[in-house]
Amino acid sequence: MVLNKRIIILAASFGLLFFSITIFAQQPADFVNPFIGTSNFGACFPGPIAPRGMASISPFNVAGTQNLPLEKDSRWLSNPYVNENTFLTGFSQVNLSGVGCPDLGVILLMPTTGVVETNHLKYGSTYSNEVAKTAYYGLNIDKYNIKAEFTTSKRVGVSKFTFPKGQSNILLNLGLGLTNEEGAMVKVVSPTEIEGMRSVGSFCYNSPEEAYPVYFVAQFSKPATKFGVWKKPSKYEGVEAQWMTYNGKTRMMDNTTKTVVGDSIGTYFSYQFDKAETVEVKIGVSYVSIANARENLETETGNKSFETIYKETYNEWNAALSKILVEGGSKEDKTIFYTALYHTLIHPNTLNDVNGEYPEIKRGKIGKTDGTHYTVFSLWDTYRNLHQLMSLVYPKQQSDMVKSMLEMYDENGWLPKWELNSTETFTMVGDPASIVIADTYLKGIQDFDVQKAYKAMLKSADQIENNPLRNGLKEYIEKGFLTTNDRGPVSTTQEYNAADYAISLLAKALDKKDDYLRFKNRSLSYRKLFDNNLKLLRPRLANGKWYEPFDPVSGANFQENVGFIEGNAWQYAFMVPHDIKGLMQLMGGEKAFSNQLQKVFDSKQFDMANEPDIAYPYLFNYVKGEEWKSQEMVKKLVHEYFQNKPKGLPGNDDTGTMSAWLVYSMMGIYPIAPGEPLYTITTPMFDKITITLDAPYYKNKSIVIEREKNTDGHIKAIQLNGKAYTSFFISHNELVNGKSLKIIQN
């Protein structure tokens, strides 16, 4: 009996162990596959980052091979890693995710063995056994038999290298990177510490701002046996110091602790190991100062081990991802869903240091925040869905993002357009910050200075002279549209219309009746560009005549064209989400509207990878009786373009915009009109979705979206709080103040 009892206890113990492992394996963070989006121009990186992290680590494999070196500006590289590439030259410590232009990708750490080599084409290596998961990346570096592992805290990158017996080296290369700027500074402080700075900037090659610095401090868990600095100068002086030797054209400065400045510089730490040994490297970063980088490092990581930091960041990710819990659906469905949610929580990211300091948008001054000051506002992309997702699921973050925009207004005199690390790049067109702020306020997130925000919005909308946000504003106000004298006049007019509509909604909420009517009327001026014969929008000349010759298809796939920015007439034809019913009338009614919309898909003009038309699959919901088309189209696009593989995004993730589209689409709702607190409904792709709602922004603790699934998947009925709901559109207030939204299928 004792034996049997022991067997029962042992079996029960194994059962509990199995149960705990099963539960752990089902955590949302475990479904994330960071390799998704690392091919097909997704521009994502597979390395670790904390939620909204400043520091991130990515394998850097775009620096060419022995036969194909990467020359500066020779290719349009906006990401440090491409899944198909095989030649590794280091691990960058600050990176951007899902952007279409190059910047950052600098401060490259690279472990090697044997004699120190400073040429990345010679010390680079193939690699194997890649592992990427939430808060962790690892691989084997083939040439040196080194195991490399990485994790991060919010402002510190942590590397762990396991070396074989013999001479081992850790290189810190400040010459490589994706940035279009050059210049760096480095100093070996001691055999266990390096400090320095790398210049970055000129995003999209057209930033009017000067280059800006990213500072760093690197601390090593073991003191180096030997250390040094290398420099590859553009000119060679005739006299060399005793502490300097030549290695080809590269100067090797052994055991120096002097500060070295240059374009192509780096350091090495060398070790002599009698057996396999592990060295950990922590690199704190800051955009303010070296002192702040050191404080970030010591505050966040201190004496913590690699494993402890990994677990803390993993837990932070899991808490963030668990804000949306999904049930039902396949493992593949959960993988693409949670990876998409993960990608939406990278940018905008933290800019301030642990002491609250951050560089103001007009360089030379240091600001300070009590909360989080965010950066990387790719607003032409993210105003369409990402910020709406933040307002719903992460309202405190969204509130701080709006406050960050208002801090930029205080510093710079203008709301951001495409802000990056406190530089305004002025990339793309339109006035998107106004849309985001209005949308946030109208969703009930109102703990910011709305009067200041409204004043800033009016400035960008009305100030004709020296307005960096709205080019051609005088012509727009006088004519109602931009002409061919301006860049992308049709699409820019549409963007101004969208911003004006958002301003009108906020004006109405603030009881500013005259402004409400003025901006609402301005928001409809796209109608003057509607060609009744083509049933499309087309550009006009300054004299009001149609631009000729006009090809509605021209402009797809980033081709240059006169009327549109990154798209053609078909891809912009329906980008007036605030006036769909007005557009219907222009097109001749619901049937004509539906037929023209269907042509976008039938003629293969729909571009899932570009923002102007990503809401189109949902527009059939405006045509009574044809809502099933939206349901089928969304499901088809999800399965076709979003997959659990490196090329599993339709293209550039645009700092999480494509991922936000997927998150919404799989939940069965979509924010159809940016600026307006409204969702349209389609079929959820999980049996049950529970969204945790945050106090004090929302009174309910959660909202549950359920599906009652049968055969063909078309929606038969909708219930809100158990009662029949007769519309395919639901307001934000109805959603968050309800308890459950149930989708019943045929």
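Along the sequence shown, residues are numbered consecutively beginning with 1.
Nearest heavy-atom pair across Ala43 and Val99 is CB-O, 3.4 Å. Nearest heavy-atom pair across Ala218 and Val281 is CB-CG1, 4.4 Å. Nearest heavy atoms, Pro348 versus Leu386: CD-CD2, 4.2 Å. Nearest heavy-atom pair, Asn85 versus Asn61, reported as atom, atom and distance to 0.1 Å: ND2-O, 3.1 Å. Closest approach of Pro80 and Phe45 over heavy atoms only: CG-CB, 4.4 Å. For Thr179 against Gly201, the heavy-atom pair with the smallest separation is OG1-N, 2.9 Å.
Ring-plane geometry between Phe91 and Phe150 is classed as tilted, the angle between the planes lying from 30 to 60 degrees on a 0 to 90 degree scale. Relative orientation of the Phe306 and Tyr136 rings is perpendicular, given thresholds of 30° and 60° on the angle between their planes. Relative orientation of the Tyr314 and Tyr310 rings is tilted, given thresholds of 30° and 60° on the angle between their planes.
A distance-only check finds a donor-acceptor pair linking the side chain of Asn318 to the backbone of Ala29 [under 3.5 Å]. For the pair Ser56 (side chain) and Asn95 (backbone), a donor-acceptor distance under 3.5 Å is present. Between the side chain of His347 and the backbone N or O of Ser97 there is at least one donor-acceptor pair closer than 3.5 Å. Without hydrogens or angle criteria, Ser286 side chain to Tyr215 main chain gives no donor-acceptor distance under 3.5 Å. In this structure, Asn140 contributes its side chain and Asp142 its backbone to no donor-acceptor pair below 3.5 Å. Counting only distance, with no hydrogens or angles, the side chain of Tyr212 and the backbone of Pro359 share no donor-acceptor pair below 3.5 Å. A donor-acceptor pair is defined here as one N or O able to donate and one able to accept, closer than 3.5 Å; such a pair exists between the side chain of Ser221 and the backbone of Glu280. A donor-acceptor pair under 3.5 Å links the side-chain atoms of Lys231 to the main chain of Val261, judged by distance alone. Distance alone, capped at 3.5 Å, places no donor-acceptor pair between the Thr126 side chain and the Thr86 backbone. Looking at Asn180, its side chain does come within 3.5 Å of a backbone N or O of Ser202 through a donor-acceptor pair.
If you take CD on Glu117 and CG on Asn169, they are separated by 10.5 Å, rounding to the nearest 0.5 Å. Atoms OG and CG, on Ser378 and Asp654 in that order, are 6.0 Å from each other to the nearest 0.5 Å. Here the CD1 atom belonging to Ile170 is positioned 8.5 Å from the OG atom belonging to Ser159, to the nearest 0.5 angstrom. Distance OG1/Thr259 to CE/Met197: 10.5 Å, rounded to 0.5 Å. Remark: Asn355 CG to Thr299 OG1 distance equals 8.5 Å, nearest 0.5 Å. Taken to the nearest 0.5 Å, the CG atom of Asn173 stands 10.5 Å off from the CE atom of Met110.
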Margin query: Run the side chain to side chain contact (heavy atoms under 4.5 Å, CB included) test on Phe220 and Tyr271 for me, step by step, so that the C-alpha distance in whole Å, both residues' side-chain angles and the decisive distance to 0.1 Å come before the verdict.
Written below: CA-CA 12 Å; Phe220 297 72; Tyr271 302 86; 3.7 Å; yes
Notebook entry, point to check: Would Val436 and Met401 satisfy side chain to side chain contact (heavy atoms under 4.5 Å, CB included), going step by step from the backbone distance to the final call?
Noted result: CA-CA 10 Å; Val436 172; Met401 289 174 193; over 6 Å; no
Notebook entry, point to check: Should Trp230 and Tyr268 be marked as a ring pair (Phe, Tyr, Trp, His ring centres under 6.0 Å) after you check the CA-CA gap, both sets of side-chain angles, and the distance that decides it?
Noted result: CA-CA 8 Å; Trp230 78 77; Tyr268 70 89; 7.4 Å; no
Margin query: Test side chain to side chain contact (heavy atoms under 4.5 Å, CB included) on Thr301 and Thr308; report intermediate values, then the result.
Written below: CA-CA 9 Å; Thr301 61; Thr308 297; over 6 Å; no
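There is no side-chain donor-acceptor pair under 3.5 Å between Thr225 and Ser270. Under the 3.5 Å distance criterion, with hydrogens and angles disregarded, no donor-acceptor pair is assigned to the side chains of Asp449 and Tyr409. Between the side chains of Asn421 and Tyr358, no donor N or O sits under 3.5 Å from an acceptor N or O. A donor-acceptor pair shorter than 3.5 Å can be found between the side chains of Tyr81 and Asn83. Judged by distance alone, the side chains of Glu357 and Asn292 do bring a donor and an acceptor atom under 3.5 Å apart. Checked by atom type, the side-chain pair Ser199/Glu181 shows no donor-acceptor distance below 3.5 Å.
Identified under the salt bridge (charged side-chain N to carboxylate O under 4.0 Å, His left out) test for residues 294-304, with sequence neighbours left out: Arg155-Glu300, Glu193-Arg294, Glu195-Arg294, Lys304-Glu312. Within the structure, the salt bridge (charged side-chain N to carboxylate O under 4.0 Å, His left out) test picks out the following pairs touching residues 407-423 (sequence neighbours left out): Asp410-Lys452.
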